[in-house]
Student: 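Okay, here's the structure, questions in a sec.
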Amino acid sequence: MEKQSEIIEQRRKKITALRESGEVLFPNDFKVLNSIVEIKDVVEKSPESLGEKGAVFITAGRMMAINRFGKSSFLRFSDGTGQLQAYVRMDKVGDEVYALFKKMDIGDFIGVKGPLFKTRTGEWTLLAEDFRLLSKSIRPLPEKFHGLKDPEKRYRQRYLDLIMNQDTREIFIKRSKVVQAIRGFLLNRNYLEVETPMMQPIPGGAEAAPFKTHHNALGIDLFLRIAPELYLKRLVVGGFDRVFEINRNFRNEGVSARHNPEFTMLEFYQAYATYEDLMRLTEKMFQEVAIAVNGTSSIEYQGEHIDFSGKWERIPLLTSLQKIGGIEPDILDNREALLEVAASKKVKITKSDRLGKVITKLFDVLVEPKLIQPTFITGYPVEVSPLSRRSDKEPEMTERFELFIAGREIANGFSELNDPEDQKERFLQQVADREAGDAEAHLMDQDYIEALEYGMPPTAGEGIGIDRLTMLLTDSASIREVILFPHMKPSGRNEHK
RNA sequence: GGGCCGUUAACUCAGUCGGUAGAGUAUCUGCCUUUUAAGCAGAGAGUCGCGCGUUCGAGCCGCGCACGGCCCA
């Protein structure tokens, strides 16, 4: 047997003793009638009903702290809804039960039955008439006062983080509310929620490196999707005029405070809408979601006050480079001159990058970090927007926007390219880009072209990063704070502890 | 990929000039029937992330590696 810490050994000894005395350590016959939050509601709303012979509650939870006296003890326990204090007295529960209680530990699950009373210091407390062990813990929880702080441990053993840190619980409760609010917002507008393949023979819809996997029976390689876009638009071709999907995308790239290899995206498509319609819809959505989650349409994010209300600023991409990025307007169409600017600003440009890509790379460094309040940047070059509809006035630009908040890209939307011939040419150009060295350029998807050839209505679509939106609404600096189990390298250190 | 910082008891952290490893909480024993980080008395608990080196002697100095955090690309 591997070497145990002293505390664990002591607990194992107790467990052996309890088993030998015939105690069932993991029963499942205790019927809970009241959650802790229900009990607290009664206390707040009708304390008069809790008199001398007041209501008896039956509840359960995990013991988080114990103050032991000789023949009585206070203990604090939590369920998923809240925390409550109980008082266990030897003369109430009997000698045998109290002897069992003496062998129990912080971290054990208990069931308690009894009425409430008010302690000397005024705290409503459950007076145990019945007291049971519901599940025995072997490993000690982190200390109650400082809790669990080590970020590595918090991420690797999220369950401990959730037990010990109420803030963490609240982040993930808010995350759930974000998703619920978005779903409700779209369902109210007659969108249909759908699920499209996570495994795709041709990974499309975004510029990113995919994860590769293999289907044995079919004998083919498949790719975890980098975006659902091309499948959702096939559904628009199929006559589902308003569709959305909230699900995971996978991108085979680095892990950082802003990137997790799997992340959650909302994508939605609306027939007969334009990218301008979607900008207005996005404003409403964010306002509604923020109110649903935080009760207000403005947020504090990392010390910045950000206001989601009203109409957000719309700035054409080239204008933003000029006015915010400080680039001379007369060189915005001059690739060579922009390359010089890029070199002076230490922006990495690949030789094969065409003008549009040079522009967006400059934007990423010179403009994006400065866009704190919600801002739509509009009008992206065709060569970086292979799935977007061309502008009728400027055919080299597309009807596309990206949304930036707190210096980060939060959403990307456009009027969809539904001309199959133009789409085919765009794919061919992407294939050429790939051959010229752009490993993330799109692949030809002949099946998608064929779908467009049957005819897709004029449509606009958008993707919104749920993790990033949740970061904003929970004031989280790192994406790992809003993903329950962020990806990390195997440690090799804690494996055998 | 680069830079900086971190890794010491279950948790949170100290550890001076290189000289026997420390605290609080938690744990264990005893006392205690209204505590709020309860109290009092006592006790136990360590692969100092891993490896190599320097040294009479390394938690501490050097080199390498692993994992994590922050920043940069």
Side-chain angles (χ1 to χ4, degrees), chain A residues 2-15 17 63-78 83-95 97-98 101-108 114-128 131 137-161 163-165 253-260 302 342-343 345-350 361-362 364-365 368-369 407 476-481 486-497:
Chain A
E2 64 185 286
K3 199 182 167 192
Q4 296 287 356
S5 82
E6 187 202 25
I7 295 181
I8 293 176
E9 263 182 53
Q10 274 163 344
R11 287 210 182 179
R12 286 194 191 279
K13 277 181 194 161
K14 284 192 203 172
I15 285 167
M63 283 201 288
M64 299 301 292
I66 306 175
N67 282 352
R68 293 182 195 273
F69 299 86
K71 297 183 178 66
S72 78
S73 302
F74 284 93
L75 60 93
R76 207 161 279 285
F77 66 109
S78 302
Q83 199 169 76
L84 190 66
Q85 180 168 260
Y87 187 46
V88 184
R89 296 170 53 131
M90 198 176 191
D91 59 4
K92 281 278 178 189
V93 299
D95 295 4
V97 170
Y98 202 79
F101 169 69
K102 277 185 155 179
K103 287 204 167 60
M104 289 168 54
D105 299 290
I106 291 171
D108 293 354
L116 286 170
F117 74 102
K118 218 171 194 174
T119 64
R120 275 180 196 162
T121 51
E123 180 171 351
W124 282 104
T125 299
L126 207 58
L127 177 63
F131 181 86
S137 71
I138 295 173
R139 291 176 185 265
L141 290 175
E143 171 236 329
K144 62 186 166 186
F145 187 57
H146 295 93
L148 181 67
K149 289 186 174 173
D150 179 5
E152 184 172 355
K153 201 146 203 165
R154 287 182 50 235
Y155 299 149
R156 288 190 196 278
Q157 295 176 273
R158 183 69 91 180
Y159 48 92
L160 289 178
D161 189 24
I163 291 168
M164 300 308 298
N165 297 321
E253 52 198 32
V255 175
S256 76
R258 295 187 190 190
H259 294 92
N260 195 59
Q302 305 295 298
K345 304 282 184 186
K346 295 186 177 172
V347 179
K348 274 200 176 171
I349 306 283
T350 313
K361 282 187 175 177
L362 282 168
D364 289 348
V365 174
E368 177 170 332
S476 298
S478 168
I479 196 170
R480 295 180 199 100
E481 295 295 340
H487 281 286
M488 306 188 88
K489 284 194 181 182
S491 67
R493 185 158 63 115
N494 293 321
E495 276 170 5
H496 301 292
K497 274 194 177 177

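Chain identifiers are assigned alphabetically (A, B, ...) following the order of the sequence lines, protein sequences preceding nucleic acid strands; residue numbering begins at 1 within each chain.
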Student: Measuring to OP1 and OP2 of B/U35, would you say a side-chain N or O of A/Arg68 lies under 4.0 angstrom away?
Tutor: no

Student: Using whole Å, what does the distance between atom P of nucleotide B/C32 and atom CG of A/Asp91 come to?
Tutor: 14 Å

Student: Looking at every strand, decide which applies to A/Arg76 at a 4.0 Å heavy-atom threshold: base, sugar-phosphate, or nothing.
Tutor: base

Student: Considering every strand shown, what is the Watson-Crick or G-U wobble mate of B/G68 when both distances are under 3.5 Å?
Tutor: B/C5

Student: How far does the C1' atom of B/A37 sit from the matching atom of B/C5, given to the nearest Å?
Tutor: 30 Å

Student: Under the 3.5 Å rule, do the base of B/U35 and the side chain of A/Gln85 count as making a donor-acceptor pair?
Tutor: yes

Student: Within less than 4.0 Å of OP1 or OP2 of B/G68, is there a side-chain N or O belonging to A/Arg156?
Tutor: yes

Student: With the side chain of A/Lys144 defined as its heavy atoms from C-beta on, choose the nearest nucleotide among B/A26, B/C67, B/U12.
Tutor: B/A26

Student: If I pick the P atom on B/G59 and the same atom on B/G51, what distance separates them, to the nearest angstrom?
Tutor: 12 Å

Student: Between B/C72 and B/U54, how far apart are the two P atoms, rounded to whole Å?
Tutor: 41 Å

Student: Please classify the nucleic acid contact of A/Arg154 as base, sugar-phosphate, or nothing, using heavy-atom distances under 4.0 Å.
Tutor: nothing

Student: Could you work out the separation of B/C48 and B/U33 based on their C1' atoms and round it to a whole Å?
Tutor: 44 Å

Student: May I ask which nucleotide in the shown strands pairs with B/G24, Watson-Crick or G-U wobble, both distances under 3.5 Å?
Tutor: B/C11

Student: Taking any heavy-atom pair under 4.0 Å as a contact, classify A/Gly147: base, sugar-phosphate, or nothing.
Tutor: sugar-phosphate

Student: Sticking with atom P, work out how far B/A21 lies from B/A45, rounded to a whole angstrom.
Tutor: 14 Å

Student: Between A/Asp161 and A/Arg158 (salt bridge meaning N to carboxylate O under 4.0 Å), is one present in this structure?
Tutor: yes

Student: Is it the case that the base of B/G24 and the side chain of A/Glu143 share a donor-acceptor contact (distance under 3.5 Å, atom types as modelled)?
Tutor: yes

Student: Counting only side-chain heavy atoms from C-beta out, which of B/U12, B/G69, B/U27 sits nearest to A/Gln10?
Tutor: B/U27

Student: Compare the minimum distances between each of B/C13, B/A37, B/U35 and the side chain of A/Phe145, then state the nucleotide with the smallest one.
Tutor: B/A37

Student: Look at A/Lys153 and B/C11 and indicate whether a side-chain polar atom (N or O) is within less than 4.0 Å of OP1 or OP2.
Tutor: yes

Student: Both distances under 3.5 Å, Watson-Crick or G-U wobble: report the partner of B/C32, or none.
Tutor: none

Student: Searching all strands shown, indicate the nucleotide that pairs with B/G44 (Watson-Crick or G-U wobble; both distances under 3.5 Å).
Tutor: none

Student: What is the separation between atom CG on A/Asp161 and atom P on B/G69, rounded to the nearest whole Å?
Tutor: 13 Å

Student: Write down the distance separating the P atoms in B/U29 and B/C4, rounded off to the nearest Å.
Tutor: 50 Å

Student: Of the candidate nucleotides B/A45, B/C28, B/U33, which contains the atom at the shortest distance from the side chain of A/Ser72?
Tutor: B/U33

Student: Measuring only the C1' atom in each nucleotide, how far is B/C60 from B/U16? A whole number of Å is fine.
Tutor: 10 Å

Student: Taking the nucleotide of RNA chain B with the closest heavy atom to each, which residue, A/Thr125 or A/Val347, is nearer the 5' end?
Tutor: A/Thr125

Student: Rounded off to whole Å, could you give me the NZ-to-P distance for the A/Lys345 and B/A73 pair?
Tutor: 13 Å

Student: Should we say atom NZ of A/Lys92 is surrounded by more than 12 heavy atoms from elsewhere, each under 6.0 Å from it?
Tutor: no

Student: For B/C60, which nucleotide in any strand shown is its Watson-Crick or wobble partner with both distances under 3.5 Å?
Tutor: none

Student: Is there a donor-acceptor contact under 3.5 Å linking the side chains of A/Arg139 and A/Ser5?
Tutor: no

Student: So do the side chains of A/Pro142 and A/Leu160 get within less than 4.5 Å of each other, counting heavy atoms only?
Tutor: yes

Student: Between A/Asn260 (side chain only) and A/His487 (backbone N and O only), is there a donor and an acceptor less than 3.5 Å apart?
Tutor: yes

Student: Taking C-beta and beyond as the side chain, do A/Lys489 and A/Val255 meet within less than 4.5 Å on heavy atoms?
Tutor: no

Student: Using the side-chain heavy atoms of A/Glu152, tell me which of these nucleotides is nearest: B/U35, B/C28, B/G68.
Tutor: B/G68

Student: Once you round it to whole Å, what is the distance between P of B/A73 and CZ of A/Arg258?
Tutor: 11 Å

Student: With heavy atoms under 4.0 Å as the rule, sort A/Lys489 into base, sugar-phosphate or nothing.
Tutor: sugar-phosphate

Student: Below 4.0 angstrom from OP1 or OP2 of B/U35, is there any side-chain N or O of A/Asn67?
Tutor: no

Student: Separation of A/Asp95 atom CG from B/U33 atom P, in whole Å?
Tutor: 14 Å

Student: Among B/A10, B/U27, B/C67, which is the nearest nucleotide to the side chain of A/Lys14?
Tutor: B/U27

Student: The side chain of A/Arg89 lies closest to which of these nucleotides: B/C11, B/C70, B/U33?
Tutor: B/U33

Student: Can you tell me if A/Asp108 uses its side chain to pair, donor with acceptor, with the backbone of A/Met63 under 3.5 Å?
Tutor: no

Student: Rounding to the closest angstrom, what is the interatomic distance between B/U12 and B/G49 at atom P?
Tutor: 15 Å

Student: Checking all strands, does A/Asp105 fall into the base, sugar-phosphate, or nothing category for heavy-atom contacts under 4.0 angstrom?
Tutor: sugar-phosphate

Student: Compare the minimum distances between each of B/U33, B/U27, B/U12 and the side chain of A/Ile7, then state the nucleotide with the smallest one.
Tutor: B/U27

Student: Quickly work out the A/Lys348 NZ to B/A73 P distance and round it to whole Å.
Tutor: 10 Å

Student: Heavy-atom nearest nucleotide on RNA chain B for A/Met488 versus A/Phe74: which residue maps closer to 5'?
Tutor: A/Phe74

Student: Taking the side chain from A/Asp105 and the backbone from A/Gly107, do they hold a donor-acceptor pair closer than 3.5 Å?
Tutor: no

Student: Rounded to the nearest Å, what distance is computed from the CD1 atom of residue A/Ile138 to the C1' atom of nucleotide B/U27?
Tutor: 16 Å

Student: Identify the two heavy atoms, one from A/Tyr87 and one from A/Ser72, that lie closest to each other, and give their separation to 0.1 Å.
Tutor: OH-OG, 3.0 Å

Student: Once you round it to whole Å, what is the distance between C1' of B/C70 and OH of A/Tyr155?
Tutor: 11 Å

Student: Quick check, does A/Phe69 stack with B/U33? I mean ring centres under 5.5 Å and planes off by under 30°.
Tutor: no

